[in-house]
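Everything quoted here is computed from the prediction, not taken from an experiment. Residue numbers start at 1 and run along the sequence shown.
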Amino acid sequence: MFLNKRNRLTMKIKKIIENKKQFLDLLLLADEQENMIDKYLASGDLFALFDDDLKTICVVVKIDNETCELKNIATYEKYQGKGYGKALINYVSDFYKNEYKTMIVGTGEVPWILSFYESCGFEKSYRVKNFFTDNYDQPMFDGEIQLIDMIYLTKDL
């Protein structure tokens, strides 16, 4: 939970255990192909950030005994740039710090998204060539930028 300027509780983050598909509209903002979301949603931990109403969600999955992956993070467009995504990343980083050593995240090569993750403590690590062209049914775009390679970033927890 978080305090606003008037020291009133505002934001709260909940781990969602059941009915994860109810958040599909928001999950699809970050990963536009439902069958790709289906590959990680059931086995992943879904977290939802509320500030009066739902603002941001994310899914984290176990990779191995030392590493987890942030598979999806999405904020409704009208709430983007207000710190909700960063607050949720900080929360899940703290949530998993005693369980894993490293968190990874993969994203398209979009400057503002890479900058966001770097501002959350991630560092560029490696690239998977042609990930988006090989794994999605149609060309993927973020604005005018076609997504081709997956850029992975890592963060020590």
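Within the 4.5 Å cutoff, no side-chain heavy atoms of E18 are placed close to those of I16. Two residues are said to be in side-chain contact when any heavy atoms from C-beta on lie closer than 4.5 Å; E123 and Y117 fail this criterion. For the pair D51 and D53, the minimum side-chain heavy-atom distance is 4.5 Å or more. L26 has its side chain within reach of Y76: a pair of non-hydrogen atoms, C-beta onward, lies under 4.5 Å apart. Between D31 and Y40, some side-chain heavy-atom pair lies under the 4.5 Å cut-off. For the pair F122 and M103, the minimum side-chain heavy-atom distance is below 4.5 Å.
Taking the six-membered ring for Trp, F47 and F95 have ring centres closer than 6.0 Å.
If you take OG on S125 and CD1 on I104, they are separated by 8.0 Å, rounding to the nearest 0.5 Å. Atom-to-atom distance recorded for D142:CG and F132:CZ is 9.5 Å, nearest 0.5 angstrom. Going from atom CD1 of I13 over to atom OH of Y91 covers 6.0 Å, rounded to the nearest 0.5 Å. Atom-to-atom distance recorded for R127:CZ and I151:CD1 is 3.5 Å, nearest 0.5 angstrom. Interatomic distance, CG of L88 versus OG1 of T75, reported as 7.5 Å (0.5 Å rounding).
Scanning all heavy atoms of the two residues, the minimum distance from L157 to C68 falls at CD1-SG, 4.2 Å. Residues I37 and L28 approach most closely at CD1-CD2, 3.7 Å, considering heavy atoms. Here the closest non-hydrogen pair linking L54 and L49 is CD1-O, 3.6 Å. Pairing each heavy atom of K20 with each of L41, the nearest pair is NZ-O, 3.2 Å. N72 approaches L27 most closely through the heavy-atom pair ND2-O, 3.1 Å. The two atoms that bring N135 and Q33 nearest to each other are O-NE2, 3.9 Å, heavy atoms only.
Donor-acceptor pairing under 3.5 Å is recorded for the side chains of K155 and S93. A donor atom on one side chain and an acceptor atom on the other are found under 3.5 Å apart for Y96 and D45. For the residue pair N35 / Y136, no side-chain donor-acceptor distance below 3.5 Å is found, with atom types taken as modelled. No side-chain donor-acceptor contact under 3.5 Å links D64 and Y100.
E34 and K21 are joined by a salt bridge, as a carboxylate oxygen and a charged side-chain nitrogen come within less than 4.0 angstrom of each other. Salt-bridge check for K62 with E99: failed, with every basic side-chain N at 4.0 Å or more from each acidic carboxylate O.
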Legend entry - From CA spacing to verdict: side-chain contact (heavy atoms from CB on, under 4.5 Å), M11, F50: CA-CA 5 Å; M11 286 191 271; F50 297 87; over 6 Å; no

As a quick check of understanding, evaluate side-chain contact (heavy atoms from CB on, under 4.5 Å) for C58 and I89, giving each step before the final call. CA-CA 8 Å; C58 75; I89 286 176; over 6 Å; no

Do L153 and E118 pass the side-chain contact (heavy atoms from CB on, under 4.5 Å) test, and can you show the C-alpha distance, the side-chain angles, and the key distance before you say yes or no?
CA-CA 8 Å; L153 299 95; E118 289 170 337; 4.1 Å; yes

| said: Let's go through M140 and E32 carefully: what are the C-alpha distance in whole Å and the side-chain angles of both, what is the deciding distance for side-chain contact (heavy atoms from CB on, under 4.5 Å) to 0.1 Å, and is it a yes or a no? | reply: CA-CA 8 Å; M140 300 294 292; E32 297 175 23; 3.6 Å; yes

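The hydrophobic cluster containing F141 does not contain L114, counting ILVMFWY residues as joined when their side-chain heavy atoms lie under 4.5 angstrom apart, directly or transitively. Tracing side-chain contacts under 4.5 Å through hydrophobic residues (I, L, V, M, F, W, Y), one never reaches M36 starting from I148; they form parts of separate clusters. V105 and F116 fall within a single hydrophobic cluster, where Ile, Leu, Val, Met, Phe, Trp and Tyr side chains are chained together by heavy-atom contacts under 4.5 Å. At a threshold of 4.5 Å between side-chain heavy atoms, the hydrophobic network of Ile, Leu, Val, Met, Phe, Trp and Tyr places I17 and L24 in two separate groups. Cluster membership check: L29 shares its hydrophobic cluster with L46, using side-chain heavy-atom separations under 4.5 Å among Ile, Leu, Val, Met, Phe, Trp and Tyr.
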